[in-house]
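Here's the structure, in structure tokens; my notes come after.
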Amino acid sequence: TCYLSCFPNVMGSAPCDSHPDCIQSFRAELSGILGEVILSGEIVRYLQKTERTAPITTYCDNTSALQVLEEEETKPGIRCKLGPDYDIITELRANIAAYNLHLKPRHVKGHQDRDKSYEELPFEAQMNCDCDEAAGAHMRCPPEGLEPQPTAPFFPSSKAGLRIDGKLITSNLGKHVRLKREGTKLRQRIISKEGWIDSDFDKVDWTSMEIALKKLGRTRFQTRVIQFQHRWLPLGRQQNRIDSERSKLCPICKEAEETQSHFLRCTHRSCQANLIVQLAVFHRSLQKKKILGAIWTQIKQRILYELGQVPTCPACPSPKDGDRIGRHIQLAVIDQANIGWINFLRGRISVHWGRAQGIYYSEAFPDSKTLTAQTFQTATISGTWTVFHGMWEHRNNVLHDKIANVNIDGMNKRITQLYRNPGEYVRPSSLCLFEAFSQDECISLHPAIKQTWLQTIYLAIKTKHGDLKCLDDDSQTNITDFF
């Protein structure tokens, strides 16, 4: 959308054509500025003005787009030409030079009408609101002939471009080349290994999983997650194959062979209790994302059933007519059954979880930028990996006897104190940690599980109060004293 202040009646919207995997707000903003430049340039050309124009102020709420305008030339070398949206950047600069325009970029804060009425805003902020409204109207109902196209146009000024399957790639060139070269084989490998059909692969939210993996960074945790996803964890059976002197039995129950499946489904009481703690921690993290109770109930009960903790599987939800959220929850449950609930713990989750939550966000938090289907999916995937990590840590603590020096009496006293008035110590979103067990059940837990539970409570108290002074004892900031 572009709005020319020098011609108040000139305003228009058009689609930002692009490959669906390449489009981002940066490109959309530059497309709007390019529209301004071309329109202004044609007006100047019609008036037969050849000298450089007086400064033309252009307002934008995207600082990265403004930075492009402030840089007069593209940096030398090949690297910048492989960067995101190089084509539209060069086209923008070429048109500014060809029309001999003098642009004066200015930043305007976006969405100021959230805090003030439209009439109270300065003119440039009103223009920004008008453009946002026009762009939203165009997205919701594009005029005939102006529907968004799935590929960007080729701009001659960029001189070269990359097309894959007929679509111009404008960002993440290396990623798209690798996907074209190796993606089909990798896809078929995963489908074959998981026993899926082609449509099952497309039900997984791979984009959110990629974002969650990148957030982990190159850490040992990321390595363990990848091993877990591909069944490469160094468990008893695998260790025994490498070294026959190593036991292949589960280090916790010491009865069954420790396989990838047994690691998740071990029936030892400490494993069952640890799973409940990890799910409570998972629930707490998702409550920060305002997770719907209906979604959490399905996730929790089906994980417990899949891991052998409850005898019956909950019924598939049956939404009423017109219940869009309920319909997406139903589709999520059906799709996840095909993908696999063990794969849910691996981070391979159905796209419909995010769609259901996204509808709720759009209705309850329409102005929020942090509560979106994407952020919910990413948080859910990160949470599933935290559940796995907690199970892995419990297994290793038992295997390597890391709980010998735990102060059990001190932990029991702390548990008794915390259960007297949980709401005084933690926020409502963390009360699920106390709902996982009664006080007596918590005291009777395996020492390693109690320690994990108390570590989580410690963080919850620090989140609410900033310190431990609410405990009214000597535990001010130190987690060791807290135990």
Side-chain angles (χ1 to χ4, degrees), residues 1-2 13-38 58-98 103 105-108 110 128 131-132 135 138-139 148-183 186 205-218 369-370 372-375 377-378:
T1 301
C2 86
S13 300
C16 177
D17 298 333
S18 178
H19 190 292
D21 293 339
C22 298
I23 188 64
Q24 51 188 330
S25 61
F26 176 70
R27 186 175 185 86
E29 298 285 359
L30 288 180
S31 296
I33 295 173
L34 179 59
E36 290 178 349
V37 167
I38 294 174
T58 178
Y59 293 95
C60 182
D61 57 12
N62 188 303
T63 54
S64 298
L66 291 176
Q67 186 176 353
V68 168
L69 295 179
E70 291 169 355
E71 297 173 357
E72 295 184 358
E73 296 182 358
T74 304
K75 297 177 182 178
I78 190 65
R79 181 174 292 276
C80 68
K81 295 177 175 58
L82 300 176
D85 301 313
Y86 169 78
D87 61 326
I88 196 168
I89 292 174
T90 55
E91 183 69 9
L92 181 59
R93 288 174 178 156
N95 277 275
I96 292 173
L103 285 191
R106 288 289 182 270
H107 180 259
V108 57
N128 182 261
C131 289
D132 283 344
H138 189 110
M139 288 175 62
Q149 300 301 310
T151 183
F154 176 73
F155 296 121
S157 59
S158 57
K159 298 183 180 179
L162 171 65
R163 288 189 185 274
I164 296 180
D165 296 330
K167 296 178 181 178
L168 190 68
I169 307 301
T170 57
S171 65
N172 295 320
L173 272 65
K175 172 187 172 181
H176 284 90
V177 169
R178 288 194 300 273
L179 280 176
K180 182 62 179 176
R181 184 181 63 198
E182 305 165 359
L186 179 59
D205 191 346
W206 299 106
T207 301
S208 295
M209 191 172 76
E210 179 185 11
I211 294 171
L213 266 176
K214 287 181 177 178
K215 284 187 175 182
L216 295 182
R218 295 183 179 274
K369 290 187 176 181
T370 57
T372 65
Q374 179 86 87
T375 58
Q377 291 287 85
T378 304

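Residue indices begin at 1 and follow the sequence shown. Keep in mind that what you see is a predicted model, and the values were worked out from it rather than measured.
Between the side chain of Ser31 and the backbone N or O of Cys16 there is no donor-acceptor pair closer than 3.5 Å. Checked by atom type and distance alone, the side chain of Ser18 never pairs as donor or acceptor with a backbone atom of Ala152 at under 3.5 Å.
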Could you go through residues 23-30 and list every donor-acceptor pair under 3.5 Å that involves a side-chain atom there, pairing it with any protein atom two or more places apart or in another chain?
unit_1: Gln24; atom_1: NE2; unit_2: Asp85; atom_2: OD2; d: 3.2
unit_1: Arg27; atom_1: NH1; unit_2: Asp85; atom_2: OD1; d: 2.9
unit_1: Arg27; atom_1: NH1; unit_2: Asp87; atom_2: OD1; d: 3.0
unit_1: Arg27; atom_1: NH2; unit_2: Asp87; atom_2: OD2; d: 2.9

Determine, step by step, whether Thr370 and Thr375 satisfy the side chain to side chain contact (heavy atoms under 4.5 Å, CB included) criterion, reporting the C-alpha distance in whole Å, the side-chain angles of both residues, the deciding distance to 0.1 Å, and the verdict.
CA-CA 7 Å; Thr370 57; Thr375 58; 5.6 Å; no

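Listed here is the closest heavy atom pair of Thr58 and Leu66: O-CD2, 4.4 Å. The shortest heavy-atom contact between Asp17 and Gln149 is OD1-N, 2.9 Å. Listed here is the closest heavy atom pair of Ile33 and Ala65: CD1-CB, 4.3 Å. Annotation for Cys22 and Thr170: closest pair CB-OG1, 3.4 Å, computed over non-hydrogen atoms. Taking every heavy atom of both residues into account, Pro84 and Ile89 meet most closely at O-CD1, 4.2 Å.
Considering Ile96, Asn95, Ile88 in turn, Ile96 is the only one that fulfils the side chain to side chain contact (heavy atoms under 4.5 Å, CB included) rule with Leu92.
Taken to the nearest 0.5 Å, the CD atom of Gln377 stands 12.0 Å off from the CE atom of Met209. In this structure, the separation between CD on Gln374 and OG on Ser208 is 4.0 Å, given to the nearest 0.5 Å. In this structure, CG on Leu162 lies 9.5 Å from CG on Leu82, to the nearest 0.5 angstrom. Note that NE2 of His19 is 9.5 Å distant from CG of Leu168, once rounded to the nearest 0.5 Å. Atom CG in Leu179 sits 8.0 Å away from atom CD1 in Ile164 (nearest 0.5 Å). Distance OH/Tyr59 to CD/Glu36: 11.5 Å, rounded to 0.5 Å.
Side-chain contact between Ile211 and Trp206: absent, with no pair of heavy atoms (C-beta onward) separated by less than 4.5 Å.
The local environment of CZ in Arg218 is sparse, with at most 12 non-hydrogen atoms from other residues, nucleotides or ligands closer than 6.0 Å.
Counting only residues at least two apart or in different chains, salt bridge (charged side-chain N to carboxylate O under 4.0 Å, His left out) contacts with residues 159-175 comprise Asp165-Lys180, Lys175-Glu210.
Residues passing the side-chain contact (heavy atoms from CB on, under 4.5 Å) test with Leu186, sequence neighbours excluded: Ile190.
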